[in-house]
Amino acid sequence: MEQHKIDEYNQQHLKDHKRKFDFVAEDVANLDGVLQKLRAFNIAIPSWALGTGGTRFGRFSGGGEPRNLEEKITDVGTIHALNRSSNSISLHIPWDIPDNATAIKAHAAQYSLHFDAVNSNTFQDQKDQKLSYKFGSLHHTDKAVRDQAVAHNIEVIKYGVELGSNALSVWLSDGSNFPGQLNFRKAFQNTLDSLQQIYDALPDDWKVWIEYKPFEPNFYSTTIGDWGQSHLLASKLGKKALTLVDLGHHLPNTNIEQIVSLLLMEEKLAGFHFNDSKYGDDDLTVGSINPYQLFLIFNELVEGMDARGLNHANGIGWMIDASHNVKDPIEDLIQSVEAIKIAYAQALLVDTKALIDAQQNNDVAKAQEILQTAYRTDVRPLLAEARLREGGALSPIAVYRDLQVRAGLIKERGDKTQATGL
Ligand code: RM4
Ligand code: MN
Ligand code: MN
C-alpha cells in the first residue's frame, strides 16, 4: 500500500470532506479531545478471519486468500495502512503457528503491527493429536484429556510471550448435547481445576480472558455458557482472570450493555470480540444488524472506563471476531472497524453531565433525548478527519477498490487459495 496513493485520493476529496467535517465539528464540545481519542483507538484483527468463512453446508471461496501467517499479516497491514485503526493481530493457535517468532515480529513491524491476545483451540482435533476433544477439553471426564488441553494452552502462552502478546484468550466448546450426558458440577470443577493450572503458568504481566457462549457446537449445555459462569470462574481464579464478551454469544434480546457495565465495575471485563448477529453466533459485520445496541454498549464503556480512570485505547481488549461468507474479508473488516469507531465516537458525544442530571431527577424522556442526540449524529466525518491526521485514507474502502487490491492479491496468490480459520 503506497502512501502517496492514499495521499492522492485524500487530496482529491479534501474539499468535500472539509465541508462535511466543519458541519459536524461545530457542535462537538472538546473537538480536539475527541479527535485525539479517535486517533488513538485501534481494534485488533483476528488471524482467522482473513479468508472466506463458511457454514456446515458449504464454503464459497473468494480469491487471493492468504496462504500463510505472513500473508495474513500483510492483509492486516493493508487494512491498517488504509484506516490507521487496526494496528494489531490476534492469533489463533494452531491455525497459525508462529514458528519463527523473530521473523514474524519483524514482518509485522514493517506494517507497524503488534500482537494482541493469543487464542487457544481445544474445540477441534488436530492431526497427530493423541486424545480427542469429542467430549470436551478442560472439563473432560478423563484427566489425561484435560492435561493435554492444559498443555496446549501453556504452549500457546509460550508462543504469545515470544511475540510480545500479554493475554491468552480461552474459548471452550465444552458442553453436552443431551440431558443426562454431563454432571454440571463435575464439569465446572474440572474446568476450574484445568484453568487454575493455566492461570498458574501465566507470566506476571499476563491475563487470561475467559469467553462464554450459550450454545453451539453443543446444543443442550455449554460449560461456560454465560457471563455468570465465566465470572464465577474468573473470580475464583484471581485478578489475572477476566471475562471476555463476544457480542454474538448471547441469547436473543439479552441486555449486553448491562452485562458490560457490571463487569467493568467489578474490574472483570477483559474486552470484546466484536461482531453482529440476528439469531445466534452469526459472526456478521459489526454494526450491520443492530448499531444502536453497539452504541449503547459503548456508552456504558466510555462512562464506566472514565469512572475508573481507564485509558480507552488500551484499558481493555478490543478485537473483532467475525466471519465473511459472501464479502471480501478485507472490505468486511474495514466496515467492522468503522462501525466500532462510529459507536465509540457517538458515545464520546454523549452529554454525560446532563445525562447524570436527568437520571438523578428521573427525567426519563430527557435521558433518552440525550442518548439519541448523540446516536443520531453523523460522526463519519470525525472518523475521516482522525484517519487523515494519522495518514490513513478518507475512505478506506474507496481506496481499496480504486487500487484494485484484491485483483492484485489474486494475481499473486492465485484464485484457489484457502486460509486457515473457520
Ligand atoms: C467461537 C468463539 C471464539 C472463536 C471461535 C473460532 O465461536 O467466538 O472466540 O475463537 O469461534
Ligand atoms: Mn469469539
Ligand atoms: Mn463465536
Side-chain angles (χ1 to χ4, degrees), residues 43-56 59 72 89-97 115-126 133 136-138 149 152-153 156 159-160 165 167-175 195 207-219 221-227 229-230 233-234 242-252 254 256 259-260 263 269-286 288-289 294 297 316-325 329 332-333 336 340 418-422:
I43 298 111
I45 304 294
S47 73
W48 60 102
L50 292 153
T52 310
T55 68
R56 68 187 195 274
R59 182 177 177 279
K72 290 181 177 185
I89 177 165
S90 180
L91 295 196
H92 223 307
I93 293 167
W95 285 337
D96 290 294
I97 300 184
F115 292 88
D116 208 276
V118 281
N119 301 252
S120 59
N121 177 343
T122 58
F123 47 87
Q124 288 173 326
D125 286 348
Q126 308 300 327
Y133 295 133
S137 57
L138 297 186
H152 165 68
N153 276 277
V156 172
Y159 282 123
S165 161
L168 167 73
S169 177
V170 178
W171 172 69
L172 304 177
S173 68
D174 298 19
L195 282 172
K207 300 268 190 308
V208 58
W209 295 347
I210 305 171
E211 190 172 350
Y212 58 89
K213 172 166 167 170
F215 71 94
E216 195 209 17
N218 278 292
F219 294 105
S221 74
T222 299
T223 297
I224 311 180
D226 65 15
W227 74 286
Q229 288 150 10
S230 165
L233 290 163
L242 303 146
T243 294
L244 180 82
V245 177
D246 181 313
L247 294 187
H249 293 188
H250 302 88
L251 296 174
T254 301
I256 304 176
I259 296 173
V260 167
L263 284 173
L269 180 62
F272 286 85
H273 274 179
F274 287 112
N275 48 52
D276 211 341
S277 62
K278 187 157 176 66
Y279 302 105
D281 191 21
D282 308 342
D283 279 337
L284 299 175
T285 320
V286 184
S288 61
I289 303 286
L294 187 65
I297 290 169
I316 62 173
W318 310 109
M319 286 155 291
I320 290 172
D321 182 5
S323 177
H324 334 283
N325 298 354
D332 202 342
L333 288 161
S336 278
I340 293 165
Q418 182 167 346
T420 45
L422 264 194

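Please read all numbers here as calculations on a predicted model, not as lab measurements. Whatever order the structure lists ligands and atoms in, that order sets their numbers, starting from 1.
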Closer than 4.0 angstrom: is that true for some heavy atom of Asn119 and an atom of ligand 1?
no
Kindly give the atom name of the N, O or S atom of Glu211 closest to the Mn ion (ligand 2).
OE2
CA sep, side-chain torsions, deciding dist, call: Phe115, Ile89, side chain to side chain contact (heavy atoms under 4.5 Å, CB included):
CA-CA 5 Å; Phe115 292 88; Ile89 177 165; 3.7 Å; yes
If we count only N and O atoms by modelled type, under 3.5 Å, do the side chains of Asp282 and Asn275 hold a donor and an acceptor together?
no
Judged by atom type as modelled, is there a donor-acceptor pair below 3.5 Å linking the side chain of Asp226 to the main-chain atoms of Gln229?
yes
The Mn ion (ligand 2) - closest N/O/S atom in His273
ND1
Evaluate the ring planes of Phe219 and Phe215, with Trp represented by its six-membered ring, and classify them as parallel (under 30°), tilted (30 to 60°) or perpendicular (over 60°).
tilted
Between the side chain of His92 and the main-chain N/O of Ser47, is any donor-acceptor distance below 3.5 Å?
no
For the Mn ion (ligand 2): the N/O/S atom of Asp246 at shortest distance
OD2
Scan side-chain atoms only and decide if Asp321 and Trp48 contain a donor-acceptor pair under the 3.5 Å cut-off.
yes
Has Thr222 got a side-chain atom pairing as donor or acceptor with Pro214's backbone, closer than 3.5 angstrom?
yes
Have a look at Asp281 and say which of its N, O or S atoms is nearest the Mn ion (ligand 3).
OD2
2.8 Å cut-off met by an N, O or S atom of Asp321 to the Mn ion (ligand 2)
yes
Any nitrogen or oxygen of Trp95, side chain or backbone, less than 3.5 Å from one on ligand 1?
no
Is it the side chain (CB and beyond), the backbone, both or neither of His249 that lies under 4.0 Å from ligand 1, heavy atoms counted?
side chain
Close-contact set for ligand 1 against Asp246 heavy atoms, below 4.0 Å
8 (O)
Just which atoms of ligand 1 are under 4.0 Å from any heavy atom in His273?
9 (O)
Checking a contact table here: which protein heavy atom is nearest atom 8 (O) of ligand 1, and how many Å away?
Asp321 OD2, 2.8 Å
Protein residue, atom and distance nearest to atom 10 (O) of ligand 1, heavy-atom basis
His92 NE2, 2.6 Å
As a check for students: among Met319, Gln124, Glu211, identify the option with a heavy atom nearest to atom 9 (O) of ligand 1.
Glu211
Looking at Asp281, which atoms of ligand 1 are within less than 4.0 Å of one of its heavy atoms?
7 (O)
Nearest neighbour in protein (non-hydrogen) for atom 5 (C) of ligand 1:
Trp171 CE3, 4.0 Å
Return yes if some donor-acceptor pair links the side-chain N/O of Ser90 with the main-chain N/O of Asp116 below 3.5 Å, else return no.
no
Verify, without hydrogens or angle tests, whether Asn218 (side chain) and Ser173 (backbone) share a donor-acceptor contact under 3.5 angstrom.
yes
According to the interplanar angle, ranging from 0 to 90°, do the rings of Trp171 and His249 count as parallel (below 30°), tilted (30 to 60°) or perpendicular (above 60°)?
tilted
Nearest protein heavy-atom contact for atom 6 (C) of ligand 1: which residue, which atom, what distance?
Leu422 CD1, 3.5 Å
